[in-house]
Amino acid sequence: MDPSKYRPSSAFDSPFWTTNSGAPVWNNNSSLTVGTRGPILLEDYHLVEKLANFDRERIPERVVHARGASAKGFFEVTHDITHLTCADFLRAPGVQTPVIVRFSTVIGERGTPETLRDPRGFAVKFYTREGNYDLVGNNLPVFFVRDGMKFPDMIHSLKPNPKTHIQENWRFLDFFSHIPESLHMFSFLFDDLGIPQDYRHMEGSSVNTYTLINKAGKVNYVKFHWRPTCGVKCLLDDEAVMVGGTNHSHATKDLYDSIQAGNYPEWKLYIQTIDPDYEDKFDFDPLDVTKTWPEDILPLQPVGRLVLNKNIDNFFAENEQLAFCPSIVVPGIYYSDDKMLQTRIFSYSDTQRYRLGANYLMLPPNAPKCAHHNNHHDGFMNFMHRDEEVNYFPSRYDPVRHAERYPTPSAILPERRSRAVIEKENNFKQPGERYRSFDPARQERFVCRWVDALSDPRVTYEIRSIWISYWSQADKSLGQKLASRLNVKPSM
């Protein structure tokens, strides 16, 4: 067989059963035994192979974002932003780029209901002509902590108790009572937005700050925002109980059924930008993931539209093996010094190498669709056919050269090494403003959720007092309501 004509997708075209190596299997019903009653012989290779494959069908689930659903489609540029970036897939209105998107819950395990109060992941992989670009974000625009040093502890506090394997409020209330920067995130999570109706009716955000670089090398900070054309819809607590009790995969089903019926989900992509020369003019740090950028000062700029018009063919191959990494960028888009982003650059790719193997980027949903070349040879599950003799660089026998240089940020970093908190923490202003933007009924629902959480019998008086102090600093009336209902003397 000509290796150049080998197609992995043709592995199941055979009209009869075979082993993984292609040998014919004439009986796929009975084990090879001594006589009709056994015992079974270890030399039954097909049986051993079948069981061994079955034993390994489950790969390690994601520590976070384990529960998710994927779909495919395209991204189309609708507005010219070439003055901001030299990214090829954003080169002109009308340009389309194929994508695969994964939505997910964050804390829940692989089989948990999609109706739990939890942030939702919103990850988009663009298959561009210059390689893949992964825009990995959430449905909420801010995050719990601003420094990745706290991330493992944060997730541990939100995950089930290691002794009982039960999620318990006292654990995360204890942890975050030390982390006042989390208040803004909780103003979203304990709001009505905490339980999206489904994946089609929720927003997306990069959360992190990235940089855009144009052809001249000019850098701008950027945040990305996805806005659904069908609007934002959420489930209230009692509605979530009813929906989750009927179908714990309701959001996955809704996404699949909508696409199958031709009702293609669509989002508009917007950006906000800040010139780094002006980053000190705000009362917050633009690189702080616990902050939003005010739209009245930094308006949304339209970029394009995302349309999901094709369901995935196989859940395991295109959802469980689908891997996203914020470190995967293209020319014209780069990282910022956002502390959380800097840790995600390492952590995500490291996670995928552990979960899927060193060659996870060879798997079809993760592999680039454009031509690519490197000397990353061998390793577990390396199935790329290679017949070249030179696997080093440089070489006079290999004509492959460096790519054309493209602009990257070139800021000078004169600071000393330090482990320090940012100067403009400003932890209480934005959560207070957000609470005051709610109508009275929405405020009441927010208060009730916090009263319920803080009423956990294992939450101490001290922890309740700290949380009431935090919310009082965000909004005095909110603190007073919580203190009154929890019978705690306000500290402010």
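Quick note: residue numbers are just sequence positions, from 1. Worth knowing before you read on, the calculation uses all heavy atoms, side chains too, and leaves out hydrogens, waters and symmetry mates.
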Undergrad: Assess, by modelled atom type and distance only, whether the side chains of E114 and T105 contain a donor and an acceptor separated by less than 3.5 Å.
TA: no
Undergrad: Run the side chain to side chain contact (heavy atoms under 4.5 Å, CB included) test on M149 and M340 for me, step by step, so that the C-alpha distance in whole Å, both residues' side-chain angles and the decisive distance to 0.1 Å come before the verdict.
TA: CA-CA 8 Å; M149 178 68 81; M340 181 56 68; over 6 Å; no
Undergrad: Could you tell me whether R146 and D288 make a salt bridge, using a distance below 4.0 angstrom between a side-chain N and a carboxylate O?
TA: yes
Undergrad: Can K369 be said to sit on top of Y127's aromatic six-ring, NZ or CZ under 6.0 Å from centre and within 45° of the ring axis?
TA: yes
Undergrad: Within the 4.5 Å heavy-atom criterion, are H178 and K150 side-chain neighbours or not?
TA: no
Undergrad: Has T209 got a side-chain atom pairing as donor or acceptor with P286's backbone, closer than 3.5 angstrom?
TA: yes
Undergrad: Holding to salt bridge (Lys or Arg N to Asp or Glu O under 4.0 Å), I want the full list of residues that pass it with D80, two or more places apart in sequence or in another chain.
TA: none
Undergrad: Hey, what do you get for CG (D147) to CD1 (I422), rounding to the nearest 0.5 Å?
TA: 9.5 Å
Undergrad: Assess, by modelled atom type and distance only, whether the side chains of H225 and E203 contain a donor and an acceptor separated by less than 3.5 Å.
TA: no
Undergrad: Hey, can you pull the donor-acceptor pairs under 3.5 Å for the side chains in residues 295-320, sequence neighbours left out?
TA:
unit_1	atom_1	unit_2	atom_2	d
E295	OE2	R227	NH2	3.2
Q301	NE2	T273	OG1	3.0
R305	NE	E76	OE1	2.8
R305	NH2	E76	OE1	3.0
K310	NZ	D313	OD1	3.2
N311	ND2	Y256	O	3.1
N311	ND2	Q260	OE1	3.3
N314	OD1	F316	N	3.1
N314	OD1	A317	N	2.8
E318	OE1	D313	N	2.6
E318	OE1	N314	N	3.3
E318	OE2	K72	NZ	2.8
N319	OD1	R102	NE	3.2
N319	OD1	R102	NH2	3.4
N319	ND2	G68	O	3.2
N319	ND2	S70	OG	3.0
E320	OE1	R110	NH1	2.8

Undergrad: Of all residues at least two apart in sequence or in a different chain, which pass the ring pair (Phe, Tyr, Trp, His ring centres under 6.0 Å) check with F122?
TA: F103, W226, W267
Undergrad: For the residue pair A92 and V77, what are the closest heavy atoms and their distance?
TA: O-CB, 3.3 Å
Undergrad: Is there a donor in the side chain of H46 and an acceptor in the side chain of N27, or the other way round, less than 3.5 Å apart?
TA: no
Undergrad: Report yes or no: do D153 and H156 form a side-chain donor-acceptor pair below 3.5 Å?
TA: no
Undergrad: If you measure from CH2 on W17 to CG on N29, what distance do you get to the nearest 0.5 Å?
TA: 9.5 Å
Undergrad: Classify the angle between the aromatic ring planes of F186 and F176 as parallel (below 30°), tilted (30 to 60°) or perpendicular (above 60°).
TA: perpendicular
Undergrad: Distance under 6.0 Å and angle within 45° of the ring axis: does K125 meet both against F324?
TA: yes
Undergrad: Hey, could you give me the OG1/CG distance between T211 and D337, rounded to the nearest 0.5 Å?
TA: 9.0 Å
Undergrad: Decide yes or no for V106 and R120: does some side-chain heavy atom of the first lie under 4.5 Å from some side-chain heavy atom of the second?
TA: no
Undergrad: Q197 versus C234: any side-chain heavy-atom pair under 4.5 Å?
TA: no
Undergrad: Please step through side chain to side chain contact (heavy atoms under 4.5 Å, CB included) for the pair Q430 and T292, ending with a clear verdict.
TA: CA-CA 8 Å; Q430 289 193 0; T292 54; 3.1 Å; yes
Undergrad: Do the side chains of R353 and D350 get close enough for a salt bridge, i.e. N-O under 4.0 angstrom?
TA: no
Undergrad: For atom CZ of F175, is the number of surrounding heavy atoms from other residues, nucleotides or ligands below 6.0 Å larger than 12?
TA: yes
Undergrad: Charged N to carboxylate O under 4.0 angstrom, K218 versus D275?
TA: yes
Undergrad: On a heavy-atom basis, which atom in L341 and which in S336 lie closest, and how many Å separate them?
TA: CD2-N, 3.7 Å
Undergrad: Can you find a side-chain donor-acceptor pair between S249 and R67 that sits under 3.5 Å?
TA: yes
Undergrad: Check M185 against P119 and note the closest heavy-atom contact, atom names and distance.
TA: CE-CG, 3.7 Å
Undergrad: So, using ring pair (Phe, Tyr, Trp, His ring centres under 6.0 Å) as the criterion, who are the partners of F143 when residues are at least two apart?
TA: none
Undergrad: Taking C-beta and beyond as the side chain, do C325 and Y360 meet within less than 4.5 Å on heavy atoms?
TA: yes
Undergrad: For the residue pair S206 and N208, confirm or rule out a side-chain donor-acceptor distance under 3.5 Å.
TA: no
Undergrad: Could you check whether any side-chain heavy atom of P60 comes within less than 4.5 Å of a side-chain heavy atom of Y354, counting everything from C-beta outward?
TA: yes
Undergrad: Please indicate whether H402 has more than 12 foreign heavy atoms, meaning atoms of other residues, nucleotides or ligands, lying under 6.0 Å from its NE2.
TA: no
Undergrad: Are more than 12 heavy atoms, taken from residues, nucleotides or ligands other than E423, located less than 6.0 Å from that residue's CD atom?
TA: no
Undergrad: With a cut-off of 6.0 Å (strictly less than), are more than 12 heavy atoms of other residues, nucleotides or ligands near NZ of K424?
TA: yes
Undergrad: Between side-chain atoms of residues 387-394 and protein atoms elsewhere (two or more places apart, or another chain), which donor-acceptor pairs fall under 3.5 Å?
TA:
unit_1	atom_1	unit_2	atom_2	d
E388	OE2	R386	NE	2.9
E388	OE2	R386	NH2	2.9

Undergrad: Ring centroid separation for F126 and F75, is it under 6.0 angstrom?
TA: yes
Undergrad: Do NZ/NE/NH1/NH2 and the carboxylate oxygens of D254 and R200 come within less than 4.0 Å?
TA: yes
Undergrad: Name all residues meeting the ring pair (Phe, Tyr, Trp, His ring centres under 6.0 Å) criterion together with F188; count only those two or more places apart in sequence or in a different chain, and write none if there are none.
TA: H184
Undergrad: From L287 CG over to F284 CZ, what is the distance, rounded to the nearest 0.5 angstrom?
TA: 10.0 Å
Undergrad: With rounding to the nearest 0.5 Å, note down the distance linking CD1 in I40 to CG in L47.
TA: 6.0 Å
Undergrad: Does the side chain to side chain contact (heavy atoms under 4.5 Å, CB included) test come out yes or no for N220 and I274, once each step is laid out?
TA: CA-CA 6 Å; N220 279 280; I274 293 177; over 6 Å; no
Undergrad: Please report the shortest heavy-atom distance between L90 and T85, naming the atom on each side.
TA: CD1-CG2, 3.9 Å
Undergrad: Working to the nearest 0.5 angstrom, can you tell me the gap between M202 CE and I195 CD1?
TA: 13.5 Å
Undergrad: Do you know the tightest heavy-atom contact between P331 and E130?
TA: CD-OE1, 4.0 Å
Undergrad: For K291 and N426, does a side-chain donor sit closer than 3.5 Å to a side-chain acceptor?
TA: no
Undergrad: How close do I271 and L212 get, heavy atom to heavy atom, and via which atoms?
TA: CD1-CD1, 4.1 Å
Undergrad: Please examine the side chains of F89 and Y133, heavy atoms only from C-beta on, and report whether any two atoms are closer than 4.5 Å.
TA: yes
Undergrad: Side chain to side chain contact (heavy atoms under 4.5 Å, CB included), that's the test. Do V289 and V142 meet it? Break it down for me.
TA: CA-CA 5 Å; V289 292; V142 293; over 6 Å; no
Undergrad: Side chains of P265 and I259: closer than 4.5 Å at any heavy-atom pair?
TA: yes
Undergrad: Side chains of P409 and Y334, heavy atoms from C-beta outward: is any pair under 4.5 Å?
TA: yes
Undergrad: Using 4.0 Å as the upper bound for N to carboxylate O, is an ion pair formed by D191 and R434?
TA: yes
